[in-house]
Amino acid sequence: MLSFGSLRGLGSGSLSSKWEDYGGNESKSPLAAQAGVVTPGLQHECGYYDVEQVQRVTKALLVTLARVCVERSSAGELVMRSSLMSSAGTAAGGGGSGGGATATGAMRVEGETKREMLEYLQQQSEAYASGSGALSNSPAMATAANPSKVVDDILESFVRSKRTLLTRVSSKLMYSEKMDDKIGDFVQELERSSTWMIGRREVIAKGILKRVDRSKSHHCAMRFDNRDELAYHKLRCALRPISCNNPGCGDAFSAIYAEPHDASCPFKLLPCHLKCKATVTRSNMENHCVTVCPMKPVTCPFHHVSCPTSMSQGEVEKHCEDNMGQHLLLLLNSLQNQKLSIGVQSQRIQLIEKAMAVGQRGEAGDMGSVQSTLREHEIRLNSLEQELKKLQQDVKATDVSAEVLQLRREVRNLQRQNCNSP
């Protein structure tokens, strides 16, 4: 049976002497030296990098490490399960292996996997920079302007190089158990345990970017004879790191991307699109304009009685005060129309009742005919009762007679006031 110790060596080979020379400390590795550390006696280099590119590579390093560690530990877990299931006496005790065992096994192979990955990055980035590697011969990579894409391809190649038949089988079997979730959990575990601190990963990321950035557009390679010139340049370097000043944001990026970020930052304060006096964040602008903005276009509250005026939300109160008389007349006309409609409905009811009376007198047939007529009358009566109930509800809701008299008095008072005013 394979142990976790033997699994750590799957596809790894022997470590090169380069790693041993710097004592297993990635901050002293050749990749870290590529990050632009100033050496006494040499010209002073700027050392600024595209912040977004550094962040991407820094994250990719941790995720790739987690992927390989989880796949290796999952392969070991698969072997252990197979061994336990082959023994009838211990099969029952082998069912408790799960995510905790995977995470523990991944931590066991983390140190060696990290060393192997950094060696692989060193070799492949050197080959890419010299134009001798497989990636350099790729048409897509030959014209690549995004160094982080190159690094992603190198890391993906490393993952494939560490996959044996056993890890491929375990990956397929573990897919049903959400391998991606296990990798995500292990990434969080690495971040919590500070196994590979972000500062060290950033140093490695800068070294890789410097090497694969053929266009030199994602790192500043300018050099200066003295520190004063260097300090003066750093204050103006297009790749100097800055933070967003919009309250609540705080994103970090290179100065060259300040304007594009500001043009899309959700925390940017902007004047209201509808030209009110408020300043609103970009992310809240739509909600402001459709809810509380005083310049939001609305219709008159009396539009249901035919007031055609449209206005801004802030003008509604003044409009109602200035047009009170007109609104009362419109409301009176609406109530009168309702009264006429009720009168028409009453006439229809009377006609129905007369028709029923005539039908009753004219029907003198046999018992079957009488029963049929009664059923028809019952249906008609039910229908009339529903219409009467509806009309009664409408009359009660509007209280037409009282409201008409009250409105007429108010209209006469308004007319008298208009006549008495100079």
Side-chain angles (χ1 to χ4, degrees), residues 19 22-38 45-73 103-104 106-122 124-125 146-156 158-159 162 180-213 218-220 234 237 239-245 248-258 261:
W19 183 269
Y22 51 81
N25 185 347
E26 65 269 13
S27 63
K28 300 179 181 178
S29 69
L31 286 175
Q34 290 291 323
V37 178
V38 177
E45 186 174 354
C46 173
Y48 278 148
Y49 293 78
D50 186 329
V51 173
E52 183 180 0
Q53 294 285 313
V54 172
Q55 290 173 344
R56 288 180 181 176
V57 175
T58 301
K59 183 65 175 178
L61 290 173
L62 195 64
V63 173
T64 303
L65 176 63
R67 283 180 63 189
V68 178
C69 289
V70 170
E71 287 185 5
R72 282 184 167 183
S73 62
T104 303
M107 288 299 292
R108 291 175 182 172
V109 300
E110 177 270 331
E112 184 175 350
T113 302
K114 180 168 64 175
R115 288 193 293 271
E116 293 173 359
M117 184 177 72
L118 292 178
E119 281 189 343
Y120 190 88
L121 281 169
Q122 172 76 14
Q124 294 300 317
S125 61
N146 191 338
S148 63
K149 177 65 170 62
V150 178
V151 177
D152 286 342
D153 288 346
I154 294 176
L155 291 174
E156 186 63 32
F158 171 73
V159 174
K162 295 305 172 187
D180 289 343
D181 291 344
K182 293 181 179 293
I183 293 173
D185 292 342
F186 189 57
V187 168
Q188 295 179 2
E189 178 64 24
L190 290 173
E191 290 175 339
R192 284 194 300 267
S193 63
S194 300
T195 302
W196 200 5
M197 297 181 67
I198 188 170
R200 294 184 176 181
R201 283 185 282 127
E202 285 179 350
V203 172
I204 300 297
K206 289 177 180 179
I208 302 171
L209 286 174
K210 184 176 181 181
R211 180 165 291 173
V212 302
D213 183 18
H218 297 278
H219 77 283
C220 182
K234 281 193 168 186
C237 181
L239 291 178
R240 68 186 185 277
I242 61 174
S243 297
C244 179
N245 293 325
C249 181
D251 283 358
F253 42 84
S254 294
I256 193 172
Y257 301 116
H261 172 83

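Because only heavy atoms are used, hydrogens play no part in the values below, and waters and symmetry mates are left out as well, while side chains stay in. Starting from 1, each residue takes its place in the sequence as its number.
Across every non-hydrogen atom of C220 and E45, the tightest pair is O-OE2, 3.9 Å. Shortest non-hydrogen contact noted between K234 and C46 is CE-O, 2.9 Å. Scanning both residues, R211 and S125, for their nearest heavy atoms gives CD-OG, 3.2 Å. The shortest non-hydrogen separation linking F186 to V70 is CB-CG2, 3.9 Å.
Ion pairing between E189 and K182 fails under the 4.0 Å rule for side-chain N and carboxylate O. Between R115 and E119, no side-chain nitrogen of the basic residue sits less than 4.0 Å from a carboxylate oxygen of the acidic one, so the salt-bridge criterion is not met.
The CZ atom of R67 sits 13.0 Å away from atom OG1 of T113, with the distance rounded to the nearest 0.5 Å. Separation of atoms CG (L209) and CG (N146) is listed at 9.0 Å; rounding is to 0.5 Å. One finds the CG atom of L118 at 11.5 Å from the CZ atom of R201 (value rounded to the nearest 0.5 Å). Annotation: the span from C69 atom SG to I183 atom CD1 amounts to 10.5 Å, rounded to 0.5 Å. From L155, atom CG reaches atom CD of Q124 across 10.5 Å, with rounding to the nearest 0.5 Å. Atom NZ of K149 and atom CD of Q53 lie 12.0 Å apart (nearest 0.5 Å).
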Side-chain atoms of residues 56-66: list all donor-acceptor pairs with protein atoms under 3.5 Å, sequence neighbours left out, distances to 0.1 Å.
unit_1, atom_1, unit_2, atom_2, d
R56, NH2, E52, OE2, 2.6
T58, OG1, V54, O, 2.6
K59, NZ, E191, OE2, 3.3
T64, OG1, A60, O, 2.8

Query - Chi angles and distances behind the salt bridge (charged side-chain N to carboxylate O under 4.0 Å, His left out) call for K114, E110 - result: CA-CA 6 Å; K114 180 168 64 175; E110 177 270 331; 3.7 Å; yes
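Checking side-chain atoms of R240 against main-chain N and O of C237 turns up a donor-acceptor pair under 3.5 Å. Without hydrogens or angle criteria, S254 side chain to V51 main chain gives a donor-acceptor distance under 3.5 Å.
Listed by chain and residue number, F158 satisfy the ring-ring contact (aromatic ring centres under 6.0 Å, His included) test with Y120 (two or more places apart in sequence, or in another chain).
Taking the side chain as every heavy atom from C-beta outward, K210 and Y49 approach each other to under 4.5 Å.
The environment of CG in D251 is crowded: more than 12 heavy-atom neighbours from other residues, nucleotides or ligands sit within 6.0 Å.
For the residue pair D213 / H219, a side-chain donor-acceptor distance below 3.5 Å is found, with atom types taken as modelled.
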